[in-house]
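I have placed the structure first, in the form of structure tokens, so that the comments after it can refer back to it.
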Amino acid sequence: MPEGPEVEVLRREIEPELVGLQVVKIDRSNKALRFDVSYDEMNQLSQKTIKAVTRVGKVLIWRFNTAEELHFMLGMTGRFDWRYSDTAAEKHEHICFTLKKAQSVVHEQLVFVDPRRFGGWRYFARPTRPSVGVDGFGEQRCDLGWIDRLVASSRALKELLLDQTLVAGIGNIYASEICFQLGIHPALPGHQVPNSMLERLIPMIDAVLFDAASRGGSTLKDYRTPRGRIGRFPELAGVYGRAGSPCPRCQQSEIKRIFIGQRASFFCPQCQVMP
DNA sequence: TGTCGTGTTTACTT
DNA sequence: AAAGTAAACACGAC
Ligand SMILES: [Zn+2]
């Protein structure tokens, strides 16, 4: 499911429903996740109340009244789902949170579902910043240290955009879209990106991510919010998934699909040339 | 029915 | 620093 915009759409939906709920219990399947929370930590969260739901890059963060935190990475296919009463556990359900309002006896269940299990979760006793670079929804305009690393690198620009330690939140769909919007070749090495292009790149990142979030993000296959919302960005994408189609900008060339750093990458060979 | 290629991610190894 | 590999499952093409 998740690049930054999908996690942000999930966060916006779930935050008002989750804040104020108290943990009754947490159940865990016996299947391994990428990284995990111990049973001691799960039990310790019993009775604690969720105070805030935030996001840094692709990491969803629940903060409790005790300042403890849970961090979730959704991997490729991870998602949350409200389990409505009298429905059975769904396939690939790995974590089940039983929650309730403070003065209520009615229980609600939110489950973490992840078929491929590239996702994971972590527990922190105190507020902790995930170990990633600046968030791509605007932080990247204020703290420009990542630009120094970008221009010092020989790696392809699109690969650098995917590096979460530079800017956090860009995934494979939006990395291609950002390069398309800028009219720059995705395989251009970082140290060859002109200064004029860097100035346009910095604000383009949050422009693309916010725009995608406003459309509900991208549903390719698995992504859906806990209330079932689907992302409509793919219908409006400029290049992602459109190999062989005419370029929506020049209408002349057809969009090409190449591999950069083992990931499918889409671009228009006429609009996105190496300088 | 079976095999192959592809995929929204990233942590670890070379 | 950069490149490659592995993790697990679903689905469509042939
Ligand atoms: Zn074009």
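Each chain gets a letter, A, B and so on, in the order the sequences are listed, and its residues count up from 1. Just so it is clear, the values below take in all heavy atoms, side chains as well, and ignore hydrogens, waters and symmetry mates.
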Original post:
So with a 6.0 Å cut-off around CZ of A:Arg28, is the heavy-atom count from everything else above 12?
Top reply: yes
**OP:** Verify the neighbour count for atom NZ of A:Lys101: are there more than 12 heavy atoms of other residues, nucleotides or ligands below 6.0 Å?
**Re:**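 Atom NZ in A:Lys101 is not crowded, with 12 or fewer foreign heavy atoms closer than 6.0 Å.
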**OP:** Mark yes or no: A:Arg55 above the aromatic ring of A:Phe137, with NZ or CZ under 6.0 Å from the six-membered ring centre and no more than 45 degrees from the axis.
**Re:**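 Checked: cation-pi criterion met.
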Original post:
Does NZ or CZ of A:Arg122 lie under 6.0 Å from the centre of the six-membered ring of A:Phe35, at an angle within 45° of the ring axis?
Top reply: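 So A:Arg122 does make the cation-pi contact.
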Atom pair distance, as rounded to whole Å: [atom1] in [X] and [atom2] in [N]:
X	N	atom1	atom2	answer
A:Arg79	C:dA8	CZ	P	20 Å
A:Gln262	B:dC12	CD	P	18 Å
A:Leu160	C:dA2	CG	C1'	11 Å
A:Glu159	B:dT10	CD	P	14 Å
A:Ile170	B:dT10	CD1	C1'	16 Å
A:Leu166	B:dT10	CG	P	13 Å
A:His94	C:dA7	NE2	C1'	13 Å
A:Phe72	B:dT10	CZ	P	16 Å

With a 4.0 Å limit, can you tell me whether [X] has a side-chain N or O closer than that to the phosphate oxygens OP1/OP2 of [N]?
X	N	result
A:Arg257	B:dG7	yes
A:Lys91	C:dA10	yes
A:Lys31	C:dA8	no

**OP:** Nearest 0.5 Å please: distance from the CH2 atom of A:Trp121 over to the CG atom of A:Leu70.
**Re:** 6.0 Å
**OP:** On the 0 to 90° scale, with breaks at 30° and 60°, tag the A:Phe267-A:His185 ring pair as parallel, tilted or perpendicular.
**Re:** tilted
Original post:
Among residues 146-155 of chain A, which contact DNA chain C at a heavy-atom distance under 4.0 Å?
Top reply: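 Within this stretch, A:Ser153, A:Ser154, A:Arg155 sit under 4.0 Å of the strand.
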Original post:
For DNA chain C, which residues in residues 115-130 of chain A have a heavy atom at a distance below 4.0 Å?
Top reply: A:Pro115, A:Arg116, A:Arg117, A:Phe118
Subject >> Ring centers of A:Trp62, A:Tyr123 separated by less than 6.0 Å >> reply: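 They do not qualify: ring centres at least 6.0 Å apart.
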Subject >> A:Phe266 ring center near A:Phe180 ring center (under 6.0 Å) >> reply: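 No, the ring of A:Phe266 stays outside the 6.0 Å limit from the ring of A:Phe180, centre to centre.
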**OP:** Identify the two heavy atoms, one from A:Ser176 and one from A:Lys158, that lie closest to each other, and give their separation to 0.1 Å.
**Re:**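 Closest approach of A:Ser176 to A:Lys158, heavy atoms only: OG-CE, 3.8 Å.
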When we call it a touch if two heavy atoms are under 4.0 Å apart, what does [X] touch: a base, just sugar-phosphate, or nothing?
X	value
A:Phe259	sugar-phosphate
A:Gln164	sugar-phosphate
A:Ala32	nothing

Subject >> Mate of C:dA8 where both pairing distances stay under 3.5 Å, Watson-Crick or G-U >> reply: none
Subject >> Base B:dT9 paired with A:Arg263 side chain (donor-acceptor, <3.5 Å) >> reply: no
Original post:
For the side chain of A:His92, counting heavy atoms from C-beta on, which of C:dA10, C:dG4, B:dT10 is nearest?
Top reply: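 Of C:dA10, C:dG4, B:dT10, C:dA10 is nearest to the side chain of A:His92.
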**OP:** Would you mind checking if A:Arg12 and A:Glu17 are paired as a salt bridge, meaning a charged N to carboxylate O distance below 4.0 Å?
**Re:**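 Looking at A:Glu17 and A:Arg12, the cut-off is not met.
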Subject >> P atoms of C:dA1 and B:dT9, separation to the nearest Å >> reply: 23 Å
